[in-house]
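Below you'll find the structure, written out as structure tokens, and then a few comments.
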Amino acid sequence: MSDIAKDKAARLLKKRGSVSSLSSHEVRAKEIIGKNKDSMSTVSYMDEPGHEIPRLAIQLENTYQLGPAKRFPVVTVNNILKDVLTNYLQEEKYEAELCRQMTKTISEVIKARVKDLMIPRYKIIVIVHIGQLNEQSMRIGSRCIWDPASDTFSSYAFKNTSLFGLANVYAVYFE
């Protein structure tokens with residue numbers, strides 16, 4: 001890549017918001033004031049003078065709260081899982097590509113609906129499995145380290161004539 005092309009690429013990337021590092025195999029080393037330079041360092045658009053956004057420093061006190069004030073509502077989350085899986089998968093036939101996209105969509109919808117419950121200090125993990133029903137058996141397992149006094153999970157399995165869906169929501173209390 002010539003020096004002119006590198007400079008043009010750097011200006012274009014700078015206008016878009018950042019200048020990415022150009023790797024050494026793409027750029028020939030060039031001599032700059034007696035030093036070899038193989039790549040350009042990353043510079044954020046926000047680092048330039050005049051583009052500063054004032055931020056207020058918020059100082060939070062430690063709560064020393066080791067347990068949840070309110071338990072995770074497992075029954076409510078089970079109803080959310082049942083509603084979402086039934087609505088999305090009721091009339092669907094198994095197609096590998098469609099199901100791959102559906103798992104992502106369903107997990108995002110479930111996570112958004114669980115977060116709408118506004119349960120403080122819980123990290124929410126959503127895992128969705130969709131597979132074909134073809135006279136086979138399958139075992140799905142999960143393992144993690146948690147506190148049984150405050151952490152919990154919710155699960156729902158759905159079946160229609162051509163596919164099955166399994167959604168798990170793990171709620172891990174964040175101390």
Completion exercise
OG of S154 to CG of L81, rounded to nearest 0.5 Å, is 4.5 Å
Practice task
Give a yes or no on whether V109 and L166 share a hydrophobic cluster (residues Ile, Leu, Val, Met, Phe, Trp, Tyr; joining criterion: side-chain heavy atoms under 4.5 Å apart).
Solution key: no
Exercise for the section: Please name all residues satisfying side chain to side chain contact (heavy atoms under 4.5 Å, CB included) with F153, sequence neighbours left out, ordered by chain then number. Expected result: W146, S155, Y170
Handout entry: Value rounded to 0.5 Å, distance of CD1 in I124 from OH in Y122
Key = 9.0 Å
Exercise for the section: Output the distance between atom CD1 (I110) and atom CG (N168), rounded to the nearest 0.5 Å. Expected result: 9.5 Å
Practice task
Looking only at non-hydrogen atoms, find the nearest pair between G165 and L85 and report the distance.
Solution key: O-CD1, 4.2 Å
Handout entry: Considering all heavy atoms, the nearest I130-C99 contact
Key = CG2-SG, 3.6 Å
Problem - Pi-cation contact, F164 with K159 (under 6.0 Å, within 45°) - result: no
Handout entry: Salt bridge flag under 4.0 Å for residues K111 and E108
Key = no
Problem - Nearest-0.5 Å distance that lies between atom CD in E95 and atom CD in Q132 - result: 10.5 Å
Exercise answer: donor-acceptor pairs, residues 86-94 side-chain atoms, under 3.5 Å, sequence neighbours excluded:
unit_1 : atom_1 : unit_2 : atom_2 : d
T86    : OG1    : K82    : O      : 2.6
N87    : ND2    : D83    : O      : 3.2
N87    : ND2    : D83    : OD1    : 3.1

Exercise for the section: Measure the shortest side-chain to side-chain distance between V169 and I125 over non-hydrogen atoms and say whether it is less than 4.5 angstrom. Expected result: no
Problem - Atom of I80, atom of L117 and distance for their closest heavy-atom approach - result: CD1-CD1, 4.1 Å
Handout entry: Chi angles and distances behind the side chain to side chain contact (heavy atoms under 4.5 Å, CB included) call for I140, H129
Key = CA-CA 9 Å; I140 298 172; H129 301 277; 3.5 Å; yes
Exercise for the section: Might you work through the side chain to side chain contact (heavy atoms under 4.5 Å, CB included) test for Y173 and R71, ending with a clear yes or no? Expected result: CA-CA 10 Å; Y173 184 71; R71 292 279 300 166; over 6 Å; no
Completion exercise
Residues passing the salt bridge (Lys or Arg N to Asp or Glu O under 4.0 Å) test with E61, sequence neighbours excluded, are none
Problem - Transitive ILVMFWY side-chain link F158 to V84, under 4.5 Å - result: yes
Handout entry: S162 OG to L133 CG distance, which is reported to the nearest 0.5 Å
Key = 7.0 Å
Problem - Pairwise distance OG(S150) to CG(L66) - rounded to 0.5 angstrom - result: 9.5 Å
Exercise for the section: Could you walk me through whether V77 and F72 pass the side chain to side chain contact (heavy atoms under 4.5 Å, CB included) test, one step at a time? Expected result: CA-CA 9 Å; V77 174; F72 189 78; 3.5 Å; yes
